[in-house]
Amino acid sequence: MSEIYPSCTLEQITKLDEALIKNYCPLYKDLIIKIWEEKKTIDYTITKKFIAQNPEKASESFVKGLLSDDKFNLIEIDYNYGTDELILPLMLQSIAIHDAEKLITICNKNVLSADFLELKPFLDCIESNYLSQITDNLLSRLRVNTSKYDIFHISKTLLSFKNPETDKRVKEILQLRKSNWDNGNWSDSIHELLEKHGLGIE
């Protein structure tokens with residue numbers, strides 16, 4: 001899109017994508033895919049449609065978008081509230097089936113750059129596929145993260161590997177950053193998680 005429409009704003013790209021999806025016909029498919037791959041803009045309905053039509057080709061496109069440096073622009077069209085949260089899990093599930101070797105690269109990149117709720121699907125993918133190769137980047141994110149929600153879920157993912165050295169590093173980081181998470185929402189959940197793994201912090 002940047003080459004074809006160099007002056008378009010993200011809002012204009014979003015409106016174009018919505019119009020193409022609402023009035024979908026096969027002629028629009030390549031342009032919708034290009035918008036995803038270059039601007040990370042897509043909705044849940046068209047994500048499902050692409051998977052149903054050609055799952056292998058869809059997975060290739062998902063990989064390209066997930067490895068791009070743009071920020072996610074996952075959209076809801078009309079009254080499909082909450083469907084934006086279903087897009088990344090669906091894409092990652094498709095990639096796990098058709099292009100599984102790319103999961104490590106995709107998750108390694110996104111655990112360092114994804115924002116807040118967009119991070120959770122990658123953590124779920126890492127945990128369910130036991131991608132312990134991503135430990136270092138997860139620890140790096142844990143060291144700098146300020147969101148208690150993310151601190152909990154990153155810690156949960158790391159502890160799911162059941163690696164004593166990793167467990168030790170998680171405890172050390174959380175001990176050093178205790179003032180960032182040990183108050184308000186999520187504090188009890190983080191303490192319970194640590195105690196479950198024998199890593200209680202006073």
Let me see the working for L20 and I46 under side chain to side chain contact (heavy atoms under 4.5 Å, CB included), right down to the final yes or no.
CA-CA 10 Å; L20 293 170; I46 206 69; over 6 Å; no
query = Side chains of L74 and D43: does their closest heavy-atom pair fall under 4.5 Å?
reply = no
Sorted by chain and residue number, the side-chain contact (heavy atoms from CB on, under 4.5 Å) partners of D136 (sequence neighbours excluded) come out as R169
Rounded to the nearest 0.5 angstrom, the CG-CG distance for N180 and L174 is 10.0 Å
Quick note, salt bridge (charged side-chain N to carboxylate O under 4.0 Å, His left out) partners involving residues 21-31, not counting sequence neighbours, are K22-D78
Would you check if there is a donor-acceptor pair between the side chains of N183 and K148 at a distance under 3.5 Å? yes
The ring pair (Phe, Tyr, Trp, His ring centres under 6.0 Å) partners of Y149 (sequence neighbours excluded) come to F116, H153, W186
Besides Y81, the hydrophobic cluster formed by Ile, Leu, Val, Met, Phe, Trp and Tyr side chains linked at under 4.5 Å, directly or via other members, contains Y79
In plain terms, say whether D69 and K109 are close enough for a salt bridge, that is, a side-chain N and a carboxylate O under 4.0 Å apart. yes
- Where the side chain of N145 meets the backbone of S147, is there a donor-acceptor pair that is under 3.5 Å apart? yes
Residues at least two apart in sequence or cross-chain that pass ring pair (Phe, Tyr, Trp, His ring centres under 6.0 Å) with W36, listed by chain then number, are none
Heavy-atom donor-acceptor pair, N110 side chain to L66 backbone, under 3.5 Å = yes
Note: R177 and L142 closest approach over all heavy atoms is NH1-O, 3.0 Å
Between F152 and S189, the two heavy atoms sitting closest are CE1-O, 3.5 Å
**Asked** Do you reckon L88 sits in the same ILVMFWY cluster as I97, going by side-chain contacts under 4.5 Å, direct or chained?
**Response** no
Minimal heavy-atom distance between S113 and R141, with the atoms involved, is N-NH1, 4.0 Å
- Under 4.5 Å between any side-chain heavy atoms of N163 and S132, yes or no? no
Taken to the nearest 0.5 Å, the spacing of I201 CD1 from Q175 CD works out to 4.5 Å
field: D84 vs Y44, side chain to side chain contact (heavy atoms under 4.5 Å, CB included): CA-CA, chis, key distance, verdict
entry: CA-CA 6 Å; D84 57 334; Y44 180 61; over 6 Å; no
In this structure, CD of E60 is separated from CG of N54 (nearest 0.5 Å) by 8.0 Å
Of all heavy-atom pairs linking L119 and V111, the shortest is CD1-CA, 3.7 Å
- request: Assess whether atom CD of E11 is packed by more than 12 heavy atoms of other residues, nucleotides or ligands within 6.0 Å.
  value: no
- Just by distance, with hydrogens left out, do T41 and T14 show a side-chain donor and acceptor under 3.5 Å apart? no
**Prompt:** Under a 4.5 Å side-chain heavy-atom rule over Ile, Leu, Val, Met, Phe, Trp and Tyr, are L27 and I21 clustered together?
**Reply:** yes
Checklist entry - Using a distance-only test with no angle check, is there a side-chain donor-acceptor pair under 3.5 angstrom linking D99 and S59? => result no
| said: Any heavy-atom pair between the side chains of K57 and F62 that's under 4.5 Å? | reply: no
Could you go through S68 and K64, starting from their C-alpha distance and side-chain angles, then the distance that decides it, and tell me whether this counts as side chain to side chain contact (heavy atoms under 4.5 Å, CB included)?
CA-CA 6 Å; S68 78; K64 289 179 183 177; over 6 Å; no
_Within the supplied structure, the quantity of interest is the number of heavy atoms (other residues, nucleotides, ligands) at a distance under 6.0 Å from K178 NZ; does it exceed 12?_
yes
Compute whether any side-chain donor of one residue and acceptor of the other, for E76 and T83, lie under 3.5 angstrom apart. no
### Residues D150, K120: salt bridge by 4.0 Å N-O rule
no
| query | Should K168 and E165 count as side-chain neighbours, where that means a heavy-atom distance under 4.5 Å? | reply | yes
Nearest heavy-atom contact between N23 and A19 is ND2-O, 2.9 Å
Original post:
Could you walk me through whether N108 and L112 pass the side chain to side chain contact (heavy atoms under 4.5 Å, CB included) check?
Top reply: CA-CA 7 Å; N108 251 328; L112 293 177; over 6 Å; no
Here the gap from C107 atom SG to L123 atom CG, rounded to the nearest 0.5 Å, amounts to 8.5 Å
Flag the pair L159 / L199 as yes when at least one side-chain heavy-atom distance between them is below 4.5 Å, and no otherwise.
yes
Give a yes or no on whether K171 atom NZ has more than 12 heavy-atom contacts from other residues, nucleotides or ligands under 6.0 Å away.
yes
The residue among L10, I42, D17 that forms side chain to side chain contact (heavy atoms under 4.5 Å, CB included) with N73 is L10
- prompt: Do C125 and L103 touch side chain to side chain, with heavy atoms closer than 4.5 Å?
  reply: yes
Got more than 12 heavy atoms from elsewhere within 6.0 Å of NZ, K40? yes
Residues at least two apart in sequence or cross-chain that pass ring pair (Phe, Tyr, Trp, His ring centres under 6.0 Å) with F161, listed by chain then number, are Y130
Between the NZ atom in K39 and the CD atom in Q12, the distance rounded to the nearest 0.5 Å is 11.0 Å
Tested for side chain to side chain contact (heavy atoms under 4.5 Å, CB included) against P121, the lone hit among I87, L92, L86, L90 is L92
Taken to the nearest 0.5 Å, the spacing of F50 CZ from I33 CD1 works out to 4.5 Å
